[in-house]
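In each ligand, atom 1 is the first atom listed, and ligand 1 is the first ligand listed. Numbering of residues begins at 1 and proceeds along the displayed sequence.
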Amino acid sequence: MRVLASAPAKIILFGEHSVVYGKPAIAAAIDLRTYVWAEFNDRGAIKIEAKDIRVPGLTVSFSEDEIYFESDYGKAAEVLSYVRQAIELVREEADANGKGITVSITSQIPVGAGLGSSAAVAVATIGAVSKLLGLELTNEEIGKLGHRVELLVQGASSGIDPTVSAIGGFIHYEKGNFEHLPFMELPIVVGYTGSSGSTKELVAMVRRTYEEMPEVIEPVLIAMGKIVEKAREVITSDLDDEIRFVQLGRLMNINHGLLDALGVSTKKLSELVYAARVAGAIGAKITGAGGGGCMYALAPENQSEVATAITIAGGTPMITRISREGLRIEEVLP
Ligand SMILES: Nc1ncnc2c1ncn2[C@@H]1O[C@H](COP(=O)(O)OP(=O)(O)O)[C@@H](O)[C@H]1O
Ligand SMILES: C[C@@](O)(CCOP(=O)(O)O)CC(=O)O
Ligand SMILES: [Mg+2]
């Protein structure tokens, strides 16, 4: 039997980092996906083929007609830890420890770019392997297992990414509970800096700053939580879209300033944010953990001008749509 599952990327509209401290956040699944095939193998081992992940430390040397591969196995193992933990957790749930499972991954999501590639790969792996092992899990339960995977690998995780990747759509999330917000087409442009940041390291860096000066950082986190509540009021109000977008844009700009205060922006991210605003975006901010990765801009009138400005500033623009669907079982072959 072979199973193919897929799970989407996400953007965090408001509340990254503060959500790790129990504050609310708002996120949406987007139409970039990670695909995972799962099947049994008879070696009793876990085998992972990650087709499009570049492992730092893998060197290929050529001599005459021979090719040598040298790998830093420590780094390779670390990079594959989300997938490995996901498989181990499902095997445990299914009481199938020791069963040989091969997974093969392809992904459309840039890695370490704030678009939740870690959650998508965990959720798609859990989806495919649980189906293979005959476990009946709801998407919500799979999101919770995805959260456990992120906690095991990162040490800290709010759970928002695996939740939105598993259930899809547009959600308000707080301490493990989520609520679907009314669907709205968001005229946004995502700008990718081309560099990556590790969520594990950025979350740990914010934690260190918080522990050094809680009296300074706590009010910043509280303000971020208030921004989310205000944004939720605007999204669920019956005001015209035009007014709602202007209010959301202002809240995005304030949220970006506070993320910068936490130290998770970079020169390039801020350049893309300002380039988008100068080109007419009503709001622009980092999305995800920062330290590289992506920003997004709200540009109801001028998405293409904003995309051009992001390109001129050295970024890669992506025009994405919200994905109503989360985890999907794509194929089950005998
Ligand atoms: N296609 C993939 N195959 C295997 N592992 C992946 C894949 N995509 C992401 N990952 C894992 O997720 C990590 C990146 O997660 P993270 O630092 O949280 O950034 P983000 O979730 O924003 O992309 C990678 O280092 C790798 O361990
Ligand atoms: C920084 C954080 O709020 C979001 C991280 O998202 P990503 O891994 O950068 O896509 C961490 C979390 O919510 O667990
Ligand atoms: Mg992640």
Could you check atom 11 (C) of ligand 2 against the protein and tell me its nearest heavy-atom contact, residue, atom and distance included? V20 CG2, 3.7 Å
Suppose I only count heavy atoms of K10 and a 4.0 Å limit; which atoms of ligand 2 are within that range? 6 (O), 7 (P), 10 (O)
A quick test of your reading: do over 12 heavy atoms of other residues, nucleotides or ligands sit less than 6.0 Å from CD of E136? no
re atom 9 (O) of ligand 2, the protein heavy-atom contact at minimum distance is A289 N, 2.9 Å
Enumerated ligand 2 atoms positioned under 4.0 Å from heavy atoms of I12: 4 (C)
Look at atom CZ of R324 and say whether more than 12 heavy atoms of other residues, nucleotides or ligands are closer to it than 6.0 Å. no
Should we say atom OH of Y274 is surrounded by more than 12 heavy atoms from elsewhere, each under 6.0 Å from it? no
Going by distance only, is there an N or O of S118 that falls short of 3.5 Å from an N or O of ligand 2? no
Any L202 heavy atom less than 4.0 Å to ligand 2: no
Testing the basics here: between T320 and V190, what is the closest heavy-atom pair and its distance to 0.1 Å? OG1-CG2, 4.1 Å
For E16, is at least one N or O under 3.5 Å away from an N or O on ligand 2? no
Which option out of D161, V19, I286, V264 puts a heavy atom nearest to atom 6 (O) of ligand 2? D161
Nearest protein heavy atom with distance in Å, relative to atom 2 (C) of ligand 2: H17 N, 4.0 Å
D42 atom CG: more than 12 heavy-atom contacts under 6.0 Å: no
R207 side chain reached by E212 side chain, heavy atoms, under 4.5 Å: no
With hydrophobic residues grouped by side-chain heavy-atom distances under 4.5 Å, do V121 and L151 end up in a single group? no
Distance alone, cut at 3.5 Å: any donor-acceptor contact between the side chains of T102 and E39? no
Please give me the minimum heavy-atom distance between E325 and P8, naming the atom from each residue. O-CG, 3.7 Å
Any side-chain donor near an acceptor of the partner, Y82 and Q154, under 3.5 Å: yes
Donor-acceptor check, side chain of H17 to backbone of A289, threshold 3.5 angstrom: yes or no? yes
Near K230 NZ, under 6.0 Å, is it more than 12 heavy atoms from other residues, nucleotides or ligands? no
Give every pair made of an N or O atom of ligand 1 and a protein N or O atom lying under 3.5 Å apart, one pair per line with both atom names and the distance to 0.1 Å, or write 'none'.
residue, atom, partner, partner atom, Å
ligand 1, 17 (O), T199, N, 3.0
ligand 1, 17 (O), T199, OG1, 3.4
ligand 1, 18 (O), S118, OG, 3.1
ligand 1, 18 (O), T199, OG1, 2.8
ligand 1, 21 (O), S117, N, 3.1
ligand 1, 21 (O), S118, N, 3.1
ligand 1, 21 (O), S118, OG, 3.1
ligand 1, 22 (O), G114, N, 2.9
ligand 1, 23 (O), G112, N, 2.7
ligand 1, 23 (O), S117, N, 3.3
ligand 1, 23 (O), S117, OG, 2.6
ligand 1, 27 (O), V79, O, 2.5

Within the distance-only criterion (no hydrogens, no angle test), does the side chain of N253 pair as donor or acceptor with the backbone N or O of K285 below 3.5 angstrom? no
For the NZ atom on K23, are there more than 12 heavy atoms of other groups (residues, nucleotides or ligands in this structure) within a distance under 6.0 Å? yes
F245: partners by ring pair (Phe, Tyr, Trp, His ring centres under 6.0 Å), with sequence neighbours left out: none
Would you mind listing which atoms of ligand 2 come within a distance below 4.0 Å of any non-hydrogen atom of L115? 10 (O)
Note: ligand 2 atoms sitting under 4.0 Å from heavy atoms of S157 are 14 (O)
Considering residues at least two apart in sequence or located in another chain, which fulfil the ring pair (Phe, Tyr, Trp, His ring centres under 6.0 Å) criterion with Y192? none
Interfacing atoms of ligand 2 (cut-off 4.0 Å, heavy-atom, T199): 5 (C), 7 (P), 8 (O), 9 (O)
Given a cut-off of 2.8 Å, the protein N, O or S atoms lying below it from the Mg ion (ligand 3) are S118 OG
Note: ligand 2 atoms sitting under 4.0 Å from heavy atoms of I160 are 13 (O)
Does any N or O atom in G116 lie less than 3.5 angstrom from one in ligand 2, N or O only? yes
If you take the nearest heavy atom of each of S158, C294, G159, which one is closest to atom 12 (C) of ligand 2? S158
Identify the two heavy atoms, one from G225 and one from P24, that lie closest to each other, and give their separation to 0.1 Å. O-CG, 3.9 Å
